[in-house]
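Sequence lines set the chain letters: A, B, ... in the order given, protein chains first and strands last, and positions in each chain run from 1. Since this is a predicted model, take the numbers as computed values, not measurements. Worth knowing before you read on, the calculation uses all heavy atoms, side chains too, and leaves out hydrogens, waters and symmetry mates.
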Protein chains: 2
Amino acid sequence: MGRRNLHTREQQRDMAIAAAELILVREGIDELSMRKVAQAIGYTVGNLYLLFQNQDDLLAALNERTADAIYLSLRDRIEVLDDPRERLGAMARGYIEFATGNPNRWRLLFEHQLPEEMKPRPTADARIRRLFELVETTLAALEPKLKADALRLRATTFWGGIHGIGSLAVSGKLSWGGRSSDYTLYCEEMITAFFGPLKPRRRS
Amino acid sequence: MGRRNLHTREQQRDMAIAAAELILVREGIDELSMRKVAQAIGYTVGNLYLLFQNQDDLLAALNERTADAIYLSLRDRIEVLDDPRERLGAMARGYIEFATGNPNRWRLLFEHQLPEEMKPRPTADARIRRLFELVETTLAALEPKLKADALRLRATTFWGGIHGIGSLAVSGKLSWGGRSSDYTLYCEEMITAFFGPLKPRRRS
DNA sequence: CCTCGCAAATGGACGCCGATCAGTTCCGCC
DNA sequence: GGCGGAACTGATCGGCGTCCATTTGCGAGG
């Protein structure tokens with residue numbers, strides 16, 4: 001075949017990303033090959049390289065979608081809550097739930113290192129930074145007396161801790177440190193460590 | 001060539017593991033291939049499959065060594081310290097230092113998921129559990145009034161948090177949440193969150 | 001000292017992968 | 001109606017993990 005013009009470049013890109021995400025979710029990272037993606041969208045492998053620089057470029061596009069999905073999920077969760085403390089809890093639980101509910105997408109985002117020569121692709125990084133900033137903003141409402149530097153340090157450390165719970169949960173290593181696999185438990189413990197016991201006074 | 005008997009099976013295994021670790025450290029996970037390992041030890045690829053079931057079996061052997069190295073490193077660090085609080089700090093810093101100092105070994109251990117059909121290989125898991133138990137034991141000395149369940153939960157959560165710092169540090173994503181890349185800062189903040197400010201009274 | 005069984009090790013084959021590019025096809029403009 | 005060039009193909013390359021028929025040579029038995 002030659003020129004078909006069935007879809008625009010942009011459409012083909014979207015199709016490829018969607019197909020790749022489906023393969024990623026259903027079959028895992030190792031099964032996600034350019035050949036499978038090409039076959040899934042009805043084009044040849046060579047054509048994929050007119051849409052993406054290489055495989056890592058496609059994976060980076062996937063990661064952008066994942067980062068967006070996490071951010072929007074957390075955003076939706078907290079906008080119905082008023083108490084900053086509850087917001088942080090909801091974000092933490094939402095983060096862990098996304099990790100355990102979408103392990104392959106989560107792993108690709110955080111554990112698949114892209115080669116450094118494609119570092120000038122700040123889009124994905126910016127979307128993660130947005131996530132950290134969401135935490136920071138929420139934390140600012142909870143601890144208004146903290147200075148900017150201390151606030152940032154605290155938010156980053158807290159979210160790094162939550163991230164660690166997610167990381168261990170996804171790789172199935174949380175049970176190594178204890179019997180339970182109920183990640184919410186670890187979540188609550190982390191929040192308590194950072195922000196004190198839940199609801200210190202109720203109906204008092 | 002045929003029978004050489006230059007090295008025993010055990011020796012060949014050790015040579016292969018050592019060679020693989022060198023390649024892992026120097027060139028990264030993606031460059032660690034069975035062919036390179038075979039060439040490095042002066043044998044053919046086919047012979048490697050008389051020593052290991054498959055590549056993941058070799059990687060699992062590498063991970064055992066890494067887990068041992070981390071455990072022994074932390075053990076050495078704390079045995080010269082008496083104060084439990086200082087011990088936990090030393091362990092946390094040591095963990096992060098190992099992660100940032102040996103990123104490829106650390107990534108292979110925690111971020112490379114082995115296929116589930118080789119799950120009946122409890123050796124590597126046991127070595128990680130040992131690490132968690134070391135934390136738990138040290139924490140027990142700091143908070144003697146905690147019950148076993150609460151202790152385990154607290155230790156696991158704390159160590160999961162430290163692990164998260166390491167995970168983000170290794171993947172270079174810690175700067176996303178703040179300017180500094182001085183991981184010790186995050187370490188101290190995490191310890192403070194869990195165990196209160198450092199040295200609450202000095203020379204008082 | 002010879003020889004021969006069998007363990008030890010080889011090396012090539014298979015099917016997959018990411019990546020490249022000369023060549024083919026056919027759309028749309030003149 | 002025809003043609004230039006964009007769109008797309010598919011063959012090709014080197015490398016990968018894995019397997020196994022074949023070859024080699026050590027060492028026990030004569």
Side-chain angles (χ1 to χ4, degrees), chain A residues 1-17 19-21 23-24 26-63 104 108 112-118 121, chain B residues 1-17 19-21 23-24 26-63 104 108 112-118 121:
Chain A
M1 287 189 254
R3 182 168 181 155
R4 285 195 278 165
N5 272 19
L6 291 183
H7 313 91
T8 67
R9 279 276 132 93
E10 209 65 29
Q11 282 177 320
Q12 291 180 29
R13 250 186 88 96
D14 292 344
M15 291 163 60
I17 293 173
E21 194 168 62
I23 296 173
L24 172 65
R26 291 226 258 239
E27 309 180 33
I29 299 177
D30 297 337
E31 297 299 318
L32 176 53
S33 69
M34 297 298 269
R35 288 172 147 84
K36 280 190 183 175
V37 172
Q39 197 191 359
I41 65 174
Y43 282 87
T44 57
V45 193
N47 192 52
L48 266 188
Y49 286 85
L50 301 175
L51 310 173
F52 303 93
Q53 292 184 14
N54 48 43
Q55 190 179 34
D56 285 319
D57 191 26
L58 169 57
L59 298 186
L62 278 188
N63 280 343
N104 289 335
L108 183 66
H112 181 80
Q113 58 177 349
L114 302 180
E116 34 227 303
E117 60 263 22
M118 27 186 341
R121 235 190 165 287
Chain B
M1 286 190 255
R3 181 168 183 160
R4 286 195 280 165
N5 273 19
L6 291 183
H7 314 91
T8 67
R9 280 277 129 94
E10 209 66 29
Q11 282 176 318
Q12 291 181 30
R13 250 188 88 97
D14 292 343
M15 291 164 59
I17 293 173
E21 194 167 64
I23 296 172
L24 171 65
R26 292 226 258 238
E27 309 181 32
I29 298 178
D30 297 337
E31 296 298 319
L32 176 53
S33 70
M34 297 296 270
R35 288 172 148 85
K36 280 189 183 176
V37 172
Q39 197 191 0
I41 65 174
Y43 283 86
T44 57
V45 192
N47 191 52
L48 266 187
Y49 286 84
L50 301 174
L51 310 174
F52 304 93
Q53 293 183 14
N54 48 43
Q55 190 179 35
D56 285 319
D57 191 25
L58 168 58
L59 298 185
L62 277 189
N63 280 343
N104 289 333
L108 183 65
H112 181 80
Q113 59 177 347
L114 302 180
E116 33 227 304
E117 60 262 23
M118 25 186 343
R121 234 188 166 288

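The interatomic distance linking B:F52 (CZ) with D:dC19 (P) rounds to 15 Å, in whole Å. The separation between A:Q53 atom CD and C:dT20 atom P is 10 Å, rounded to whole Å. Regarding B:L50, its CG atom lies at a distance of 11 Å from the P atom of D:dC19, rounded to whole Å. Between A:N54 atom CG and D:dG14 atom P the separation is 20 Å, expressed in whole Å. Taking atom CD of A:E10 as the reference point, atom C1' of D:dA7 lies 16 Å away to the nearest angstrom. One interatomic measurement links the two molecules: CD of B:Q55 to P of D:dG15, which rounds to 17 Å at whole-angstrom precision. In this structure, A:L48 atom CG and D:dT9 atom C1' are separated by 13 Å, rounded to whole Å. Atom CG of B:N5 and atom P of C:dA7 are 12 Å apart (whole Å).
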Name every donor-acceptor pair, under 3.5 Å, that has one atom in a side chain of residues 40-52 of chain B and the other anywhere in the protein, sequence neighbours excluded.
| from | atom 1 | to | atom 2 | distance (Å) |
| --- | --- | --- | --- | --- |
| B:Y43 | OH | B:H7 | ND1 | 3.0 |
| B:N47 | ND2 | B:Q12 | OE1 | 2.9 |

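You'll find the side chain of A:L59 reaches within 4.5 Å of the side chain of A:L32, heavy atoms only.
For A:Y49, no side-chain nitrogen or oxygen approaches OP1 or OP2 of C:dT20 to under 4.0 Å.
Heavy atoms of B:N47 sit under 4.0 angstrom from at least one base atom.
A:Q53 approaches A:D57 most closely through the heavy-atom pair N-OD2, 2.9 Å. Taking both residues in full, the closest heavy atoms of B:L58 and B:V37 are given as CD2-CG2, 4.3 Å, listed atom of the first, atom of the second, then distance. The shortest heavy-atom contact between B:D56 and B:L114 is OD1-CD2, 3.6 Å. Between B:L62 and B:I17, the closest heavy-atom pair is CD2-O, 3.4 Å. When all heavy atoms are compared, the tightest approach of B:A61 to B:R13 is CB-NH2, 4.1 Å.
Interface residues of residues 27-45 of chain A facing DNA chain C, ordered by number: A:L32, A:S33, A:M34, A:R35; criterion, heavy-atom separation under 4.0 Å.
Once rounded to the nearest 0.5 Å, the distance linking NE2 of B:H112 with CG of B:L24 reads 10.5 Å.
An angle of 30°, rounded to 10°, separates the two end axes of the helix from C:dC1-D:dG30 to C:dC30-D:dG1, each defined over five pairs.
Heavy-atom nearest nucleotides on DNA chain C were determined for B:G46 and for A:G46, and the one closer to the 5' end corresponds to B:G46.
With sequence neighbours excluded, the residues satisfying side chain to side chain contact (heavy atoms under 4.5 Å, CB included) with B:E31 are B:E27, B:K36.
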